[in-house]
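If you read the sequence from its start, that first residue is 1, and numbering goes on from there. The structure displayed is predicted, hence computed values, not measured ones.
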Amino acid sequence: RDQGFKGVFDGQGYRVKNLNMTYVPFEYNTISSTYDVFVGLIPVVNKGVVKNLTVEGGKIHIPSVMPDQDMFYCSPLVGYAREATVINCHNVNCDIVLENNGYVGGVVALNPFHLLNCDNSGNISFDYVNTQENGNQGNGGLSLGGILGYLSAATTESTKGCDNTAKLMSINGGYSGVGTSNIGGV
C-alpha cells in the first residue's frame, strides 16, 4: 500500500478502450493468511493525482478464489487511492463482476483524498457467498459503490460533482461468517 504511482498522471482526455482484466489466482502462501489484491488501470496511487482519463468498454472479472480472506480492491481506473486526488475521470460501460470479498467502485475502489467530477456507467455485480467451510472463518465483506467502493471519513476532504448511472447488483451476495456488506450509488 505504501508503494504505487506517485506523481501526476494526466490522461489529457484520452480513452482507454476495451479494458479486459481477469484475476488469475496464484499459489497461496501459507505464511500469510490474507492477500490484498489491487486491480485497476492504475492499481495503487500513493499521494498522487490521476486526471482527465476515461476507460471505455470492457470488463473486469474477479472469479471466486480460495481462500475467502483475500481482499480485492477493484476499479477500472484506480484500485486504491492513498491520500490521492482523482479528477475528471470516467468509466464508460466497463463492467465489473466480483465473486469474492472486496471493495469495488466504478471509478475508485478505496479512499481517495479528493474525488471530483467523475462518473460511472459501467454495471457492477457481486456474486459470492462467503462460507465457513473447512475451518475458514468467513471473514471479509463487500463495499460496492457506483463511483467509490469504500470511503473512510477520516481520509477524505471532498467528493464533488460525481454521478453514477450504472446498475449495482448483488446476485447471490451473502455472508454466513463474519463480514459486512455495503452497497451505495455513489
Side-chain angles (χ1 to χ4, degrees), residues 1-5 19 21-23 25 32-48 50 55 58-86 89-91 94-115 118-120 122-130 137-159 162 164 166-175 177-186:
R1 290 185 184 191
D2 292 332
Q3 301 301 314
F5 177 78
L19 178 70
M21 296 181 182
T22 299
Y23 175 74
S32 172
S33 62
T34 65
Y35 285 109
D36 287 336
V37 181
F38 303 98
V39 179
L41 186 63
I42 305 172
V44 178
V45 178
N46 186 3
K47 299 181 182 178
V50 177
V55 170
K59 179 179 178 181
I60 296 177
H61 180 217
I62 308 298
S64 181
V65 296
M66 288 301 289
D68 282 340
Q69 290 92 352
D70 287 352
M71 286 301 291
F72 290 86
Y73 303 84
C74 179
S75 169
L77 289 143
V78 178
Y80 175 48
R82 181 177 183 260
E83 297 178 31
T85 299
V86 180
C89 289
H90 315 281
N91 172 9
C94 182
D95 296 338
I96 303 169
V97 177
L98 177 69
E99 298 171 357
N100 214 306
N101 296 317
Y103 299 94
V104 182
V107 177
V108 178
L110 182 65
N111 276 349
F113 201 59
H114 294 283
L115 184 61
C118 297
D119 57 68
N120 171 48
N123 295 325
I124 302 172
S125 63
F126 172 65
D127 186 3
Y128 180 66
V129 176
N130 193 346
Q137 296 302 306
N139 294 324
L142 165 74
S143 287
L144 182 153
I147 300 295
L148 174 62
Y150 181 80
L151 174 65
S152 172
T155 62
T156 298
E157 290 187 358
S158 62
T159 300
C162 297
N164 175 58
K167 292 180 183 177
L168 308 178
M169 299 164 278
S170 179
I171 298 167
N172 289 314
Y175 289 88
V178 178
T180 58
S181 295
N182 303 297
I183 299 177
V186 175

Hey, is the main chain of Val97 close enough, under 3.5 Å, to the side chain of Ser125 for a donor-acceptor pair? no
All heavy atoms of Asn100 vs all of Phe126, minimum pair found to be O-CE1, 3.4 Å
Closest non-hydrogen atom pair between Ser75 and Ala109, with its separation: CB-N, 3.8 Å
Exactly one of Tyr73, Phe72, Phe38 clears ring pair (Phe, Tyr, Trp, His ring centres under 6.0 Å) with Tyr103, and that residue is Tyr73
Nearest 0.5 Å, what's the CD1-CG distance between Ile147 and Asn120? 5.5 Å
Minimum heavy-atom distance between Pro76 and Gly105, given as atom pair plus value: CD-O, 3.7 Å
Leu144 side, atom CG; Leu168 side, atom CG - distance, nearest 0.5 Å: 5.5 Å
Could you state the interatomic distance from CG (Asn164) to CG (Leu148), rounded to the nearest 0.5 Å? 11.0 Å
CG/Asn46 to CZ/Arg82 distance, rounded to the nearest 0.5 angstrom? 4.5 Å
Less than 4.5 Å apart, any side-chain heavy atom of Val86 and any of Leu77? no
Look up atom CD1 in Ile96 and atom CG in Asn91, then write down how far apart they are to the nearest 0.5 Å. 6.0 Å
Going from CG on Asn111 to CD on Glu83, what distance comes out if it is rounded to the nearest 0.5 angstrom? 9.5 Å
Note: Ser143 and Tyr150 closest approach over all heavy atoms is OG-CD1, 3.6 Å
State, yes or no, whether a side-chain contact exists between Leu115 and Cys162 at a heavy-atom distance under 4.5 Å. yes
Quick check: does any side chain N or O of Asp95 sit under 3.5 Å from a backbone N or O of Asn123, one acting as donor and the other as acceptor? yes
Test item: Tyr23 and Pro63 side chains (from C-beta on) under 4.5 Å apart, heavy atoms: yes
Minimal heavy-atom distance between Gln3 and Val44, with the atoms involved, is O-CG1, 3.4 Å
Please name the pair of heavy atoms, one in Lys59 and one in Cys94, separated by the smallest distance, quoted to 0.1 Å. N-SG, 3.9 Å
